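The model shown is predicted, which means the values in this text are computed figures rather than measured ones.
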Amino acid sequence: MKARGAVLSRRIAHAATVSDWGLLHPGERVEILKHAHVIASGEVEEISRSGNVLWLVGGGHSESQPFMKSDGVQVRRA
């Protein structure tokens with residue numbers, strides 16, 4: 001049986017925001033947060049080379065939506 005702390009630690013790690021967007025991969029499901037509120041969710045379509053822009057597909061949009069770090073948004077894996 002796993003220790004309760006180990007399971008909670010993995011949940012917290014999964015819910016943590018991703019500071020380096022360059023570590024994300026196309027097809028990963030993510031949520032976009034602004035001021036601690038989820039404003040979009042879907043699959044990563046592409047990430048810029050700089051890791052400062054990502055394009056998200058899904059969430060009711062037929063086209064991809066760009067999100068920029070400079071807009072103050074955060075990303076977490078869904």
Side-chain angles (χ1 to χ4, degrees):
M1 185 171 187
K2 294 182 181 176
R4 181 170 164 71
V7 173
L8 290 176
S9 296
R10 267 187 261 128
R11 281 190 199 148
I12 291 167
H14 184 73
T17 58
V18 178
S19 58
D20 183 357
W21 293 6
L23 298 176
L24 296 168
H25 301 287
E28 262 190 278
R29 296 218 29 95
V30 297
E31 295 176 326
I32 307 295
L33 298 104
K34 188 160 190 173
H35 304 296
H37 295 282
V38 176
I39 59 168
S41 63
E43 291 183 2
V44 174
E45 180 180 51
E46 188 177 348
I47 301 104
S48 66
R49 283 187 184 189
S50 66
N52 292 320
V53 182
L54 71 80
W55 287 264
L56 192 68
V57 176
H61 298 282
S62 58
E63 296 182 15
S64 62
Q65 257 186 306
F67 291 94
M68 299 176 10
K69 273 189 178 182
S70 61
D71 289 338
V73 297
Q74 296 179 313
V75 177
R76 74 176 174 205
R77 290 180 172 95

Quiz item: Sequence neighbours excluded, which residues qualify as side chain to side chain donor-acceptor pair (under 3.5 Å) partners of Glu31?
Solution: Arg76

Quiz prompt | Shortest non-hydrogen contact between Ala40 and Leu56, atoms and distance | solution = CB-CD2, 4.0 Å

Practice problem: Would you please name every residue forming a side chain to side chain donor-acceptor pair (under 3.5 Å) with Glu45, sequence neighbours left out? | Solution: Ser64

Practice problem: Heavy atoms only: give me the nearest Lys69-Ser19 pair and the separation to one decimal. | Solution: NZ-O, 2.6 Å

Quiz item: Is it true that Val18 and Val73 fall in one hydrophobic cluster, defined by side-chain heavy atoms closer than 4.5 Å?
Solution: yes

Residues 22-30, side-chain donor-acceptor partners within the protein, below 3.5 Å, at least two apart:
from: His25; atom 1: NE2; to: Leu23; atom 2: O; distance (Å): 3.4
from: Glu28; atom 1: OE1; to: His25; atom 2: N; distance (Å): 2.7
from: Glu28; atom 1: OE2; to: Arg77; atom 2: NE; distance (Å): 2.6

Quiz prompt | By side-chain contact (heavy atoms from CB on, under 4.5 Å) - contacts of Ser50 (at least two apart) | solution = Ser48, Asn52

Quiz item: Does some side-chain heavy atom of Ile32 sit less than 4.5 Å from a side-chain heavy atom of Val38?
Solution: no

Self-check item: ILVMFWY cluster membership beyond Trp55 - transitive side-chain contacts under 4.5 angstrom
Solution: Val53, Met68

Self-check item: Test item: Val75 and Leu33 side chains (from C-beta on) under 4.5 Å apart, heavy atoms
Solution: no

Quiz item: Is there a path from Ile39 to Trp21 through hydrophobic residues (I, L, V, M, F, W, Y) whose side chains come within less than 4.5 Å of each other?
Solution: yes

